[in-house]
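On a predicted model such as this, the values are computed, not experimentally measured, just so you know.
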Amino acid sequence: MTHKWMLRVVPVAALALAAAFARGETVELRSGEAVVGSVRLEGKDDVVIDAVYPSVEVVTVKRGDVSPESMHAILERLAGPADVAKRREMGEFAEEAGLLEVAVIDFTIVKKLDPSAAKDMDGRIKRLNEMIAGGVLLEAQELLDDGKPNAALMYLHALREKFPGTEAAKKADGVATAAHKAAGASAEVAVRTVPGTDAPRVADQVEAHAGKGAAEKAKIGGHVGSNVAAQRAAERSIVHYESAWDLAKTLPVTSSGDASLDARIERLRKSTKTSLVDAYLTAGTILLERRVIASAEQYCNLACELDPENKVNHRLHALIVQAKILGYRSGGSR
């Protein structure tokens, strides 16, 4: 029997398991709900799913209730590889849904399949790239305004690399100059240090928090990288490493006259900063895999402010930017 779809949110891990057994398609709804099964279209407005998980039934939903990413995937699976009209329709759907880079890909394929459409497609692709680049520039400016100049510089680098020649790329130089200036100014802000007599006690506290962070991080190894348990362990490790780093920054930077204590302080400053950056990137990677893009991006930005030259972070950031311009809008905040 066909009826209106009503279902609780299904965990991602359960969906993946169901898909593996049922060999069905996962259809994600705008509400956050999902269903696995065989999909077909009926008329102009209905998506029909012969569901196999979480229950066996026939489900009918309106196209507008399906997430844009999932709807585009359905259209792509049902279209022939050389069907120019369908590919153009997919591109127009993606553009209207805000999946701008997906639309660029579709229109590029149309151009290859039908050379006579090249002029029209080139115009559309150029316009879309300008829109995408403008969005990246806006995000860089917002990060700069929010006091995160190093993260802003990462966005500007991505903009220049991916969208050279766009109007946004031309405007990037002015924002980059301001970001470099702001980054230099923020580096000059000194943190108040504790008296030398308190340094051993504070160093003990740093090590205690770092130990707790390491213990939480060790728990991640026992979980699948993209599941909720791994995310929670990563976030708990960050809490402890942030406490360790906040304390480590207060340790004296001048010589105490005790070579052993000075070496300990230097080691703790370096190790706690490195551990915190690594914890941010671990959490960011897990969240990206879970498509919680907003939170992944925030952790990436925090890592950048501590270590702007970190190559692992640059690679993670590139993946996050790619996910965003492909249209993923999963939430989450820190």
Q: Can a salt bridge be assigned to the pair R291 and E69 using a cut-off of 4.0 Å between side-chain N and carboxylate O?
A: no

Q: Check G134 against A168 and note the closest heavy-atom contact, atom names and distance.
A: N-CB, 3.8 Å

Q: Out of curiosity, does L251 fall in the hydrophobic cluster containing Y241 (side-chain heavy atoms, cut-off under 4.5 Å, transitive links)?
A: no

Q: Looking only at atom types and distance, does a side-chain atom of S295 sit under 3.5 Å from a main-chain N or O of V292, one as donor and one as acceptor?
A: no

Q: Taking it one step at a time, do D246 and H209 satisfy side chain to side chain donor-acceptor pair (under 3.5 Å)?
A: CA-CA 10 Å; D246 286 343; H209 283 295; over 6 Å; no

Q: Under a 4.0 Å threshold between the charged nitrogen and the carboxylate oxygen, would D46 count as salt-bridged to K62?
A: yes

Q: Does a side-chain N-to-carboxylate-O contact under 4.0 Å join D258 and R264?
A: no

Q: Mark yes or no for whether E305, through its side chain, and A151, through its backbone, hold a donor-acceptor pair below 3.5 Å.
A: yes

Q: Look at the side-chain heavy atoms of Ile, Leu, Val, Met, Phe, Trp and Tyr, link any pair under 4.5 Å apart, and say whether Y299 and I320 land in one connected group.
A: yes

Q: Using the side-chain hydrogen bond (donor to acceptor under 3.5 Å, both in side chains) criterion, which residues pair with H240? Sequence neighbours excluded.
A: none

Q: Do E242 and Y280 meet the criterion of a side-chain donor-acceptor pair at a distance under 3.5 Å?
A: yes

Q: Using side-chain heavy atoms (C-beta onward) and a distance below 4.5 Å, is T282 in contact with I220?
A: yes

Q: Is there a path of hydrophobic side-chain contacts, each under 4.5 Å between heavy atoms, that joins L268 and V194?
A: yes

Q: Hey, are the side chains of M121 and T108 touching, using non-hydrogen atoms and a 4.5 Å cut-off?
A: no

Q: Without hydrogens or angle criteria, can the side chains of D262 and S255 be said to hold a donor-acceptor pair below 3.5 Å?
A: yes

Q: From M90 CE over to I74 CD1, what is the distance, rounded to the nearest 0.5 angstrom?
A: 11.5 Å

Q: Does a salt bridge link R40 with E25, judged by any charged N lying under 4.0 Å from a carboxylate O?
A: no

Q: Can you name the residues that form a side-chain contact (heavy atoms from CB on, under 4.5 Å) with P308, not counting sequence neighbours?
A: N150

Q: I'd like to know whether D106 forms a side-chain contact (heavy atoms from CB on, under 4.5 Å) with H72, so could you lay out the CA-CA distance, the side-chain angles of the two residues, the decisive distance to 0.1 Å, and finally the verdict.
A: CA-CA 11 Å; D106 287 332; H72 186 275; 2.7 Å; yes

Q: Taking R236 for its side chain and G213 for its backbone only, find out whether a donor-acceptor pair lies under 3.5 Å.
A: no

Q: Ignoring hydrogens, what is the shortest heavy-atom contact between G284 and A296? Give both atom names and the distance.
A: O-CB, 3.4 Å

Q: Should K86 and L75 count as side-chain neighbours, where that means a heavy-atom distance under 4.5 Å?
A: no

Q: In Å and rounded to the nearest 0.5 Å, what is the CG to CG distance from L138 to L159?
A: 11.5 Å

Q: Give a yes or no on whether a salt bridge exists between E89 and R87, defined as a side-chain N under 4.0 angstrom from a carboxylate O.
A: no

Q: Any ion pair linking K212 and E207 (charged N to carboxylate O, less than 4.0 Å)?
A: no

Q: To the nearest 0.5 Å, what is the distance between OG on S275 and CD1 on I238?
A: 12.0 Å

Q: Minimum heavy-atom separation for P164 to A169, with atom names?
A: CA-CB, 4.4 Å

Q: Do you reckon V35 sits in the same ILVMFWY cluster as L41, going by side-chain contacts under 4.5 Å, direct or chained?
A: yes

Q: Supply the atom-to-atom distance T274 OG1 to R269 CZ, rounded to the nearest 0.5 angstrom.
A: 13.0 Å

Q: Identify the two heavy atoms, one from A323 and one from L288, that lie closest to each other, and give their separation to 0.1 Å.
A: CB-CD1, 4.2 Å

Q: Do T250 and V202 have side-chain heavy atoms sitting under 4.5 Å apart?
A: yes

Q: Does the pair D122/K119 count as a salt bridge with the N-to-O cut at 4.0 Å?
A: no

Q: Quick one: do the N313 and N310 side chains pair a donor with an acceptor below 3.5 Å?
A: no

Q: With a 4.5 Å cut-off on side-chain heavy atoms, are M154 and N301 touching?
A: yes

Q: Would you say D65 and R30 make side-chain contact, with heavy atoms under 4.5 Å?
A: no

Q: If the condition is side-chain hydrogen bond (donor to acceptor under 3.5 Å, both in side chains), which residues does D173 pass it with, not counting sequence neighbours?
A: R160

Q: Is it the case that S116 and D114 place a side-chain donor and acceptor less than 3.5 Å from each other?
A: yes

Q: Between the side chains of R127 and E130, is the shortest nitrogen-to-carboxylate-oxygen separation below 4.0 Å, so that they form an ion pair?
A: no

Q: Is any side-chain heavy atom of L137 less than 4.5 Å from a side-chain heavy atom of L156?
A: yes

Q: Please check: side-chain N/O of R63 versus main-chain N/O of M71, any donor-acceptor pairing under 3.5 Å?
A: no

Q: State whether the side chain of S70 and the backbone N or O of S67 hold a donor-acceptor pair below 3.5 Å, judged by distance alone.
A: no

Q: How many angstroms lie between CH2 in W245 and CG in L306, if you round to the nearest 0.5 Å?
A: 6.5 Å

Q: I need the L128 CG to L99 CG distance, nearest 0.5 Å.
A: 11.0 Å

Q: So which atom in L281 and which in A303 form the shortest heavy-atom distance, rounded to 0.1 Å?
A: CD2-CB, 3.7 Å

Q: Is there a chain of hydrophobic side chains (I, L, V, M, F, W, Y, each step under 4.5 Å between heavy atoms) that links V59 to L78?
A: yes

Q: Quick one: are R88 and D120 in side-chain contact, heavy atoms under 4.5 Å?
A: yes

Q: Tell me whether the count of non-hydrogen atoms from other residues, nucleotides or ligands lying under 6.0 Å of NE2 in H157 goes above 12.
A: no

Q: Nearest heavy-atom pair of A182 and L144: which atoms, and what distance?
A: CB-CD1, 3.9 Å

Q: Check K170 with E167, please: is the shortest side-chain N to carboxylate O separation under 4.0 Å?
A: yes

Q: With no hydrogens and no angle check, do the side chains of Q141 and D145 hold a donor and an acceptor under 3.5 Å apart?
A: yes

